[in-house]
Protein chains: 2
Amino acid sequence: MPQRSVARPQLTRESVLQAALQLADRDGIEALTMRALAEQLGVEAMSIYYHLPNKDAILDGLVEVVFAEIEHEVGGFPPPPATDASSWAPTLRERILGARRVLLRHPWLPNVMNARGASGPNAMRHVDGVVGIMRAGGMSHDLIHHSLHAIGSRMYGYVQELSDDGATPAPVELEQLAALAPHLAAMLAEVVHDDPDSTLGWCDDQTEFEFGLDLLLEGLERRLAAQPA
Amino acid sequence: MPQRSVARPQLTRESVLQAALQLADRDGIEALTMRALAEQLGVEAMSIYYHLPNKDAILDGLVEVVFAEIEHEVGGFPPPPATDASSWAPTLRERILGARRVLLRHPWLPNVMNARGASGPNAMRHVDGVVGIMRAGGMSHDLIHHSLHAIGSRMYGYVQELSDDGATPAPVELEQLAALAPHLAAMLAEVVHDDPDSTLGWCDDQTEFEFGLDLLLEGLERRLAAQPA
DNA sequence: GTTGTAAGACTTACGCCGTAAGATACGCTG
DNA sequence: CAGCGTATCTTACGGCGTAAGTCTTACAAC
């Protein structure tokens, strides 16, 4: 009846993801169902499956789309080479605040990342940029590693420190990673190598948790000491 | 046929919650469906609804059950009166690590709290204990307020700093809260009062976010300075 | 032109989910 | 024995993700 004219795609992976983003922003992530998404696209639900294999792929795609938005917000993921070694902290601060600005536009995203992870290329390059900034400031890979855990909640707007596995990258994956995120790959290579029993769970979650906790407690003690009596 | 003998309850709110806890721990939170839970209890799904109004009530109940477990782990929520004002940080540290020990046994719980919140009495008394510890250390209510936001992710194993509303308690609720969580209520009374436009969203999320972020960045700068060259 | 092929949509249906509505079995009190 | 409240079961509905198969169209080869 509606006289659909061609078989050239009006539906694409990109248009689906963009519609999904709009729908989630407008009505919340729980309103993002295959049927609702199809309706927004003027199409039947099953038609989406030609372009994306399942709903999880849509969620993963959304994470990547938002990281692309973050990249634009912070002016590109490979940060400009630092001219001043002491400027790493303000640089990092601005980068994290920029990411937060984007996440505030998509407040449902942290939950999606929490459920599905954030291991696409854009997310990786974001982390890589952070590692690069810290590296330019003179931090060791080991300290950077701890720092990533500590600021994780600020980078992503959430944190799940209770993960049961550290998601050890296989050596093969590590090579692929090097092309995409060289700083991150270098850090992993060194930190994993240092740990003799690196079969799995190469992060000691308890240690990382206490590292971040002590950072905060020390800071609070200084704030307390500076408090007007 | 199975000759169920009595109408005296074999099912209770408590037995349902305990079975739900077991099921979530064993098979993950996504396996916690009304039908699976009923089967575990040797009962039909709809029978559960006599004791709990819906599934969300079960999730809320689980949060409270786990906070009771935390209370037991840390030796009671009203912390013992501090003998030494400088001991607040180690006391708080131990309390947070204790909570983490419990959350590690129920790794699905942070996600539930993220989705459903943690506003039951046990959760409130937990926060109240933390406020009490900080208060005994000499912190102002204002500083305590900031600190709660900063350590939120450590207290709960997660953080959702992107909430859109600050959940302003109505004055009536505040009275009820005072009975349950006096330290927390005192803090809220003061902090909310200080803010002239306290109609809703009395926390400035951006300020709180930057407070916690700067705590971490300063700490990392000190770690970097202490790093062997 | 006719026909083959494959892209890109649609149709139908299945097994899950939470739960509304109501029926049923039992013990207790009059 | 009648009636009532309690606790459980039965049935069914609408919505979910998606497996399987079908239909329409554009285009290339003859």
Side-chain angles (χ1 to χ4, degrees), chain A residues 1-24 26-63 108 111-117, chain B residues 1-24 26-63 108 111-117:
Chain A
M1 206 93 66
Q3 180 73 350
R4 175 163 309 291
S5 59
V6 282
R8 288 293 107 224
Q10 35 263 59
L11 224 50
T12 64
R13 197 189 118 96
E14 283 65 39
S15 71
V16 169
L17 289 180
Q18 191 201 324
L21 188 69
Q22 277 184 239
L23 194 56
R26 179 157 44 83
D27 300 339
I29 191 66
E30 77 286 349
L32 176 58
T33 70
M34 298 303 284
R35 287 167 171 85
L37 180 55
E39 188 178 10
Q40 164 125 352
L41 287 160
V43 129
E44 296 302 313
M46 291 309 292
S47 304
I48 297 172
Y49 285 83
Y50 185 81
H51 303 275
L52 287 138
N54 50 48
K55 189 177 181 182
D56 280 349
I58 294 180
L59 296 178
D60 291 344
L62 284 180
V63 173
W108 43 270
N111 283 337
V112 173
M113 285 197 290
N114 207 357
R116 301 270 331 138
Chain B
M1 206 93 68
Q3 179 74 352
R4 175 165 307 293
S5 57
V6 282
R8 288 294 107 222
Q10 35 263 62
L11 223 50
T12 64
R13 197 189 118 96
E14 283 65 38
S15 71
V16 169
L17 290 180
Q18 191 201 323
L21 188 69
Q22 278 183 241
L23 194 55
R26 179 156 44 83
D27 300 338
I29 191 67
E30 76 286 348
L32 176 58
T33 70
M34 298 304 283
R35 288 167 171 86
L37 179 55
E39 188 178 12
Q40 165 125 351
L41 287 159
V43 129
E44 295 303 313
M46 289 310 292
S47 305
I48 297 170
Y49 285 82
Y50 186 81
H51 302 274
L52 288 140
N54 50 47
K55 188 177 180 181
D56 280 348
I58 294 180
L59 296 178
D60 291 343
L62 285 181
V63 173
W108 44 268
N111 283 337
V112 174
M113 284 197 290
N114 207 355
R116 301 268 333 137

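Bear in mind that the values here come from a model prediction, so they are computed numbers and not experimental data.
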From [options], nucleotide with atom closest to [X] side chain:
X: B/M46; options: C/dT11, C/dG18, C/dA21; result: C/dA21
X: B/Y49; options: D/dT10, C/dT19, C/dC17; result: C/dT19
X: A/E44; options: C/dC10, D/dT8, D/dG17; result: C/dC10
X: A/Q10; options: C/dA9, D/dG17, D/dC9; result: C/dA9
X: A/L11; options: C/dC10, C/dG18, C/dA9; result: C/dA9

Query raised in the report: Would a distance-only check, ignoring hydrogens and angles, find a side-chain to backbone donor-acceptor pair under 3.5 Å from B/H51 to B/L11?
Result: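 Yes, because the side chain of B/H51 sits within donor-acceptor range (under 3.5 Å) of the backbone of B/L11.
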
Report summary line: Between B/A57 and B/N54, the two heavy atoms sitting closest are N-OD1, 3.0 Å

Query raised in the report: Relative to the 5' end of DNA chain C, which residue comes earlier, A/Y50 or A/A45, by the nucleotide with the nearest heavy atom?
Result: A/Y50

Could you tell me the separation between the [atom1] atom of [X] and the [atom2] atom of [N], rounded to a whole number of Å?
X: B/K55; N: D/dC16; atom1: NZ; atom2: C1'; result: 13 Å
X: B/E30; N: D/dC16; atom1: CD; atom2: C1'; result: 16 Å
X: B/M34; N: D/dC13; atom1: CE; atom2: P; result: 20 Å
X: A/L37; N: D/dG17; atom1: CG; atom2: C1'; result: 13 Å
X: B/I29; N: C/dC17; atom1: CD1; atom2: P; result: 14 Å
X: B/R13; N: D/dT8; atom1: CZ; atom2: P; result: 16 Å
X: B/L52; N: C/dT19; atom1: CG; atom2: P; result: 11 Å
X: B/L32; N: C/dT19; atom1: CG; atom2: C1'; result: 15 Å

Query raised in the report: Between CD of A/Q18 and CG of A/L23, what distance do you get to the nearest 0.5 Å?
Result: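 Here the interatomic distance stands at 12.0 Å.
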
Requested in this report: Could you tell me whether the phosphate oxygens of C/dA7, OP1 or OP2, come under 4.0 Å of any side-chain nitrogen or oxygen in A/H51?
Outcome: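 No, outside the criterion.
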
Report task. Mark yes when over 12 heavy atoms from residues, nucleotides or ligands other than A/R116 sit less than 6.0 Å from its CZ; otherwise mark no. Result -> yes

Query raised in the report: Does any N or O donor sit under 3.5 Å from an N or O acceptor when you compare the side chain of A/R35 with the base of D/dG15?
Result: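 When only heavy-atom distances are counted, A/R35 does not reach the base of D/dG15 through any donor-acceptor pair under 3.5 Å.
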
**Report entry** Residue closer to the 5' end of DNA chain D, A/T33 versus A/P53 (nearest nucleotide)
**Finding:** A/T33

Query raised in the report: Looking for any heavy atom pair under 4.0 Å, which part of the strands does B/S47 touch: base, sugar-phosphate only, or nothing?
Result: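 Counting heavy atoms under 4.0 Å across all strands, the contact made by B/S47 includes a base.
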
Query - pair A/I29-A/N111: side-chain heavy atoms closer than 4.5 Å - result: no

